[in-house]
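Before any comments, here is the structure.
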Amino acid sequence: MGDVSGHGAAEAALAVHLRLAWRTAVLCGQSQLGQLRLLERILVDERPDEDTYATVVSLVFPPHGRSVRMISAGHPGLLHRHSGKASWVEPQPGIALGLFPGRGDWSETEMALADRDSVVLFTDGLYEGRTAGGRLGEEGLLRLAAQYAHLEPQAFVDALVRGASLLAAPFGGLLDDVAVLHLGWNRPGRV
């Protein structure tokens, strides 16, 4: 999951370039760190100005299905859904792509998984909207997630986005683009 800073056609085009480069790197067997280095190089070469950067979180699910390996390049944390509850997970922080080219300090975080666990990735547009109490923020998003944690995956994502949108509506709505990805695996009886 990634997000390019700024708004406009140039930033959208850069996001497309980065997505295609990431997909190519994955298909060519690049490691997570190799992928981030490649993406940063492309971002630096293609960005509309030197202030443009991108945040990324990369996940790998080993074949055994009992953990997830995460690397964050300045991207927000993620939600871990387990046993009808939701918790906030913050991978080891790393610098966003393009802020200090060539100085990526990215490192891997591994998290154990149980049967029926899932993770939810999103862009910061989901929680940066203003609400009656100020910005929704990570804590507000976690409160929403906890409220809807009992729902099935699609209903959970829909309720999370709808809840954030409704809270921000009186104050201009969600002003940044929103992307949400719900990943579930590891069903009982499967290895």
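- When every heavy atom of Ala54 is checked against every heavy atom of Leu43, the shortest pair comes out as CB-CD1, 3.4 Å.
- Scored by the side chain to side chain donor-acceptor pair (under 3.5 Å) test, His80 finds Asp117 as partners (sequence neighbours excluded).
- Ile95 is connected to Val4 through a chain of hydrophobic side-chain contacts under 4.5 Å among Ile, Leu, Val, Met, Phe, Trp and Tyr, so both are in one cluster.
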Intermediate values then yes/no, side-chain contact (heavy atoms from CB on, under 4.5 Å), Leu160 and Leu79: CA-CA 11 Å; Leu160 199 61; Leu79 296 170; 4.0 Å; yes

Name every donor-acceptor pair, under 3.5 Å, that has one atom in a side chain of residues 127-156 and the other anywhere in the protein, sequence neighbours excluded.
unit_1 : atom_1 : unit_2 : atom_2 : d
Thr131 : OG1    : Gly133 : N      : 3.4
Thr131 : OG1    : Gly134 : O      : 2.6
Gln154 : NE2    : Asp158 : OD1    : 2.9

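- Distance CG/Leu78 to CD/Glu90: 8.0 Å, rounded to 0.5 Å.
- Leu121 and Val26 sit in two unconnected hydrophobic clusters of ILVMFWY residues. Membership requires side-chain heavy atoms under 4.5 Å apart, directly or through other members.
- Other members of a hydrophobic cluster containing Leu166 are absent, since no ILVMFWY side chain comes under 4.5 Å of it, directly or through relayed contacts.
- Taking CD1 of Ile71 as the start and OG of Ser31 as the end, the distance is 7.5 Å to the nearest 0.5 Å.
- Looking only at side-chain heavy atoms (C-beta outward), Val89 and Val119 stay at 4.5 Å or farther from each other.
- Of all heavy-atom pairs spanning His82 and Ala114, the tightest one is CE1-CB, 3.5 Å.
- Contact between Val44 and Gly98 at its shortest, heavy atoms only, is CG2-CA, 4.3 Å.
- Rounding to the nearest 0.5 Å gives a distance of 10.5 Å between CD of Glu40 and CG of Asp45.
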Show the atom names and distances, to 0.1 Å, of all donor-acceptor pairs under 3.5 Å that link a side chain in residues 7-22 to residues at least two apart or in another chain.
unit_1 : atom_1 : unit_2 : atom_2 : d
Trp22  : NE1    : Gln35  : OE1    : 3.3

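- Rounding to the nearest 0.5 angstrom, the gap separating the CZ atom in Phe61 from the CE atom in Met70 is 9.0 Å.
- A donor-acceptor distance shorter than 3.5 angstrom exists from the side chain of Gln32 to the backbone of Ser58, with no hydrogens or angles considered.
- Atom OG1 of Thr55 and atom CE of Met1 lie 10.0 Å apart (nearest 0.5 Å).
- Listed here is the closest heavy atom pair of Val68 and Leu113: N-CD1, 3.9 Å.
- Pairs of residues two or more places apart, or lying in two chains, that qualify as salt bridge (Lys or Arg N to Asp or Glu O under 4.0 Å) and include a residue from residues 99-110 are Arg69-Glu108.
- Of all non-hydrogen atoms in Pro91 and Gly77, the two that sit nearest each other are CD-CA, 4.1 Å.
- For Ser165, the side-chain contact (heavy atoms from CB on, under 4.5 Å) partners at least two apart in sequence or on another chain are Val161, Leu174.
- Put simply, Leu97 and Leu59 are part of two different groups of oily side chains (I, L, V, M, F, W, Y) that touch within less than 4.5 Å, one to the next.
- Within the structure, ring-ring contact (aromatic ring centres under 6.0 Å, His included) contacts touching residues 27-57 (residues at least two apart or in different chains) do not occur.
- With sequence neighbours left out, Asp49 forms a side-chain contact (heavy atoms from CB on, under 4.5 Å) with Asp51, Thr52.
- Nearest heavy-atom pair, Ser107 versus Gln92, reported as atom, atom and distance to 0.1 Å: OG-CG, 2.9 Å.
- Partners of Phe171 according to the ring pair (Phe, Tyr, Trp, His ring centres under 6.0 Å) rule, which considers only residues two or more places apart in sequence or in another chain, do not exist here.
- Connectivity analysis of hydrophobic side chains (ILVMFWY, heavy atoms under 4.5 Å, direct or indirect) links Val60 to nothing; its cluster partners are none.
- In the hydrophobic clustering of this structure, Leu167 groups with Val178; members are Ile, Leu, Val, Met, Phe, Trp, Tyr whose side-chain heavy atoms approach within less than 4.5 Å, directly or through other members.
- Scanning for side chain to side chain donor-acceptor pair (under 3.5 Å) contacts around Ser72 gives an empty result, with sequence neighbours left out.
- For residues 84-104, the set of pairs meeting the ring-ring contact (aromatic ring centres under 6.0 Å, His included) definition, not counting sequence neighbours, comprises Trp88-Phe122.
- Using a 4.5 Å cut-off on side-chain heavy atoms (C-beta onward), Arg37 and Ile42 make no contact.
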